[in-house]
Amino acid sequence: MSKQKPGIPKGMRDFGPKEMARRNYIFNTIQATFKLFGYQQLETPTMENLSTLTGKYGDEGDQLLFKVLNSGAFLKKVDTETFKAGENKVLPKISEKGLRYDLTVPFARYVVMNQNEITYPFKRFQMQPVWRADRPQKGRYREFYQCDADVVGTDSLICETEILCMIKRVFSDFKLTDYDIKINNRKILTGIAEVIGASGKEADLCVAIDKLDKIGWEKVKVELIERDFSEDAIDKLSPILSQNEHNNAGWLLFLKKYLAESEIGLKGISELEEVFSYLAKMGENQNHVVFDPVLARGLSYYTGAIFEVKVNGVGIGSVSGGGRYDDLTGVFGLNGVSGVGFSFGVDRLYDVLEELDIFPDDEVERTQIMLAYFGEEEKEACLGILATLRKAGIAAEIYPDLVKIKKQFNYAGKKGIPYVGVLGSDELENNTISLKNMISGEQESLSLEDIVEKIKQAYKTA
RNA sequence: GUGAUUGUAGCUCAGCUGGUUAGAGCGCUGGUUUGUGGAUCCAGAGGUCGCCGGUUCGAAACCGGUCUUUCACCCCA
């Protein structure tokens, strides 16, 4: 048997103890806020039927789906003729399952399957990995976690407002101060497209305009022409782009005039105004909330509010996004269920907190005391002590092998364990334990009861 | 999907225009101390030079392919 070098597939990552402590901090922080706002947890399977997934994310999205080969003789259904017809013909015959691409579509599937058991409005959160066969690069992985919170079965704009509140709360928990929650409304985009005489082309419009900061107005113009926008339309668009408004209220005032001819556009504005008014009533200001009339998001199913959160000063894309979709469950045969939701990208949040170096100290998950000993007899005595410590709620461990005391200390030092209790013949005789503080280096002889007290005390003050 | 880029010891990297036994620092193991870790000193172990093939008397180095890393574009969390 030849030795093989271990490795993991492209775009996949391991998370060691340190990463996990930090990731759990992120998960716990987000989860606490979700629960505080009345969301309940849901999990769905890793694999979905390919028929559930395909066609929901556009052609590009379909390309990025990980497909799972059928079990058994998967080639059985493929004859020479279909094989020659190419992968589009072969694929459905050899693969009927795929890895989930996001959490929203599986959620929609769940809602439809359980429509009669669910109490509406249904507020659920979900924190699970998703997979995309993308080319990995900065802030982009093939396996990454999303933390979604969605409400279905209500049109109330209170939900949108609460999303703003949740984002603000989570970010404040993370001690993030410089970030923007960009908000827009799909209806405003539709209105703009209407007003410039390019109805139905808001998606193209946004892809082009989104690059304004990056490539400049002239190049955006070129792209707009390439995307089949008329000169006239581009002229009509320019007032928005030259608008120098940085204030939400000012923007809305401007757009009310600009979109005066578009009923749907005005609807979008009034929805936004309603969200802002709720926000005020919930005692929140509009800090970090930035209205961006050209914000659009890839997923075409959004019909109302659109959110995207970007942390400033770091080279990482958006860390959170979402919006309202009026008919997500429609494709699964359940019409008239409106929903709104958003998602935190855990892996990108991790990168952001890392880059800004604002992770809290992760001492909490450490073992508090380790027992070291000199011989067989002492080792057995340690086992009882160990049980007592754990019963008292102290994270304790014993070095499992009888080795030199130096090695036992070394282990404790490496692992950052703050206390080591030493048992030797003297201690055994006097019924004491020598407790060494690994940080100060001090050592004292104590009874087991004293040690329990001391460690509990040390952690209470910490 | 397009265009670049990376791969040498556990880690971070040297290795000149192809030339004998591939190096350093850190880490690791052991000793200095058969009852005390993080310091010093001493010793030692660890590498099919990503993988496959080609050119050559000779390849870690050159060429082709492939996988992987990182990055930009596309798109997206």
Side-chain angles (χ1 to χ4, degrees), chain A residues 2-13 16 26 30 57-65 100-104 127-148 203 206-208 210-211 214-215 219 223 296-300 307-311 315-323 341-352 370-375 378 399 402-428 433-445:
Chain A
S2 68
K3 271 191 215 166
Q4 66 168 135
K5 268 197 179 164
I8 48 176
K10 185 192 208 138
M12 303 287 158
R13 299 161 300 158
I26 295 175
I30 292 171
Y57 310 108
D59 287 345
E60 298 248 11
D62 285 356
Q63 294 297 315
L64 299 180
L65 286 172
R100 74 170 98 77
Y101 178 92
D102 71 358
L103 300 177
T104 310
M127 310 199 305
Q128 291 188 272
V130 302
W131 292 267
R132 297 183 190 178
D134 226 349
R135 270 221 197 155
Q137 59 179 273
K138 189 172 191 182
R140 169 179 278 182
Y141 310 102
R142 291 186 136 186
E143 177 182 51
F144 60 97
Y145 276 73
Q146 292 193 328
C147 295
D148 274 34
C206 290
V207 170
D210 196 45
K211 295 177 187 162
K214 248 184 200 172
I215 63 177
K219 285 189 178 167
E223 178 147 354
R297 294 182 35 82
L299 300 181
S300 50
F307 309 100
E308 183 166 287
V309 187
K310 173 89 179 69
V311 178
I316 291 156
S318 62
V319 293
S320 176
F342 75 113
S343 169
F344 286 109
V346 174
D347 306 81
R348 282 192 179 174
L349 274 170
Y350 185 103
D351 292 342
V352 166
M370 188 194 85
L371 298 178
Y373 50 89
F374 286 97
E378 291 93 328
Y399 197 89
L402 176 51
V403 294
K404 272 191 228 159
I405 203 75
K406 174 174 175 162
K407 195 162 183 188
Q408 302 186 45
F409 267 92
N410 207 342
Y411 171 82
K414 284 263 163 60
K415 211 171 162 182
I417 299 172
Y419 290 101
V420 174
V422 187
L423 232 72
S425 49
D426 292 355
E427 286 83 356
L428 215 51
I433 300 163
S434 295
L435 185 71
K436 176 161 182 176
N437 181 323
M438 295 293 278
I439 296 151
S440 68
E442 287 164 18
Q443 186 164 324
E444 54 187 329
S445 193

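Every chain is numbered from 1 and lettered A, B, ... according to where its sequence line falls, protein lines coming before strand lines.
- Checked by distance alone, A:K138 brings no side-chain donor or acceptor within 3.5 Å of a matching partner on the base of B:rU5.
- Look at CG on A:D62: it is 15 Å from P on B:rG1, rounded to the nearest Å.
- A:I439 comes within contact range of at least one nucleobase, with a heavy-atom separation under 4.0 Å.
- For A:R142 (side chain) and A:P136 (main-chain N/O), no donor-acceptor pair under 3.5 Å exists by modelled atom type.
- Between the P atom of B:rC75 and the CG atom of A:L65 lies a distance of 18 Å, rounded to the nearest Å.
- Rounded to a whole Å, the OH atom of A:Y57 is 13 Å from the C1' atom of B:rC76.
- B:rG44 sits 33 Å from B:rU6 when the C1' atoms are compared, rounded to a whole Å.
- For a distance-only test at 3.5 Å, the side chain of A:Q443 qualifies as a donor-acceptor partner of the base of B:rU36.
- Atom P of nucleotide B:rU34 and atom OH of A:Y373 are separated by 20 Å, given to the nearest angstrom.
- If you check every strand for non-hydrogen atoms under 4.0 Å, A:D426 touches a base.
- A:G11 comes within 4.0 angstrom of sugar-phosphate atoms only, judged by non-hydrogen atoms across all strands, and of no base.
- Among the atoms of the strands shown, none is found under 4.0 Å from any heavy atom of A:F344.
- Here, B:rG27 and B:rG10 have their C1' atoms 7 Å apart, quoted to the whole Å.
- Residue-level contact check: A:Q137 touches the bases, meaning some heavy atom is under 4.0 Å from a base atom.
- Of all heavy-atom pairs spanning A:G441 and A:K436, the tightest one is O-CE, 3.8 Å.
- Across the C1' atoms, B:rU69 and B:rU56 are found 31 Å apart, a figure rounded to whole Å.
- One atom, CZ of A:R135, and another, P of B:rC71, lie 14 Å apart when rounded to the nearest Å.
- Two rings, from A:Y57 and A:Y101, have their centers less than 6.0 Å apart.
- In this structure, the aromatic ring of A:Y411 is not positioned over the six-membered ring of the base of B:rG37 within 5.5 Å between centres and 30° between planes.
- Both distances falling under 3.5 Å, in either a Watson-Crick or a G-U wobble arrangement, place B:rG3 opposite B:rC71.
- Listed nucleotides B:rU36, B:rU69, B:rG30 differ in distance to A:V422; the shortest reach to its side chain belongs to B:rU36.
- Annotation: B:rU5 and B:rA77 have their P atoms spaced 30 Å apart (nearest Å).
- The base of B:rG37 is paired with the side chain of A:K436 by a donor and an acceptor separated by under 3.5 Å.
- Remark: the separation of the C1' atoms in B:rA60 and B:rG7 is 11 Å, to the nearest Å.
- In this structure, A:K10 reaches the sugar-phosphate backbone alone: every heavy-atom distance under 4.0 Å involves primed, P, OP1 or OP2 atoms, never a base.
- B:rC74 and B:rA14 are spaced 38 Å apart, taking the C1' atom of each and rounding to whole Å.
- Base engagement by A:G441 is indicated by at least one non-hydrogen atom pair under 4.0 Å involving a base atom.
- Base orientation for B:rG46: syn, the chi torsion being within 90° of 0.
- Straight-line distance between the C1' atoms of B:rC49 and B:rU40: roughly 35 Å, to the nearest whole Å.
- Nucleic acid contact class of A:V420 (heavy atoms, under 4.0 Å, all strands): none.
- Atom name C1', nucleotides B:rC76 and B:rG65: the rounded distance is 31 Å, in whole Å.
- You'll find a donor-acceptor pair under 3.5 Å spanning the side chain of A:R140 and the base of B:rC75, going by distance alone.
- Interatomic distance, CZ of A:F344 versus CG of A:D148, reported as 10.5 Å (0.5 Å rounding).
- Listed candidates were B:rG37, B:rG30, B:rC74. Nearest to the side chain of A:K406 is B:rG37.
- The base of B:rG35 sits with one of its N or O atoms less than 3.5 Å from a complementary donor or acceptor on the side chain of A:E427.
- Side-chain atoms of A:K404 lie closest to B:rG30 of the nucleotides B:rA72, B:rG30, B:rG37.
- One finds a side-chain N or O of A:K414 lying less than 4.0 angstrom from the OP1 or OP2 phosphate oxygen of B:rC28.
- Atoms CZ (A:R13) and P (B:rU70) sit 9 Å apart, rounded to a whole Å.
- Across all strands shown, B:rC13 forms a Watson-Crick or G-U wobble pair, both distances under 3.5 Å, with B:rG23.
- Across all strands shown, A:G139 has heavy atoms under 4.0 Å from base atoms, whether or not it also approaches the sugar-phosphate.
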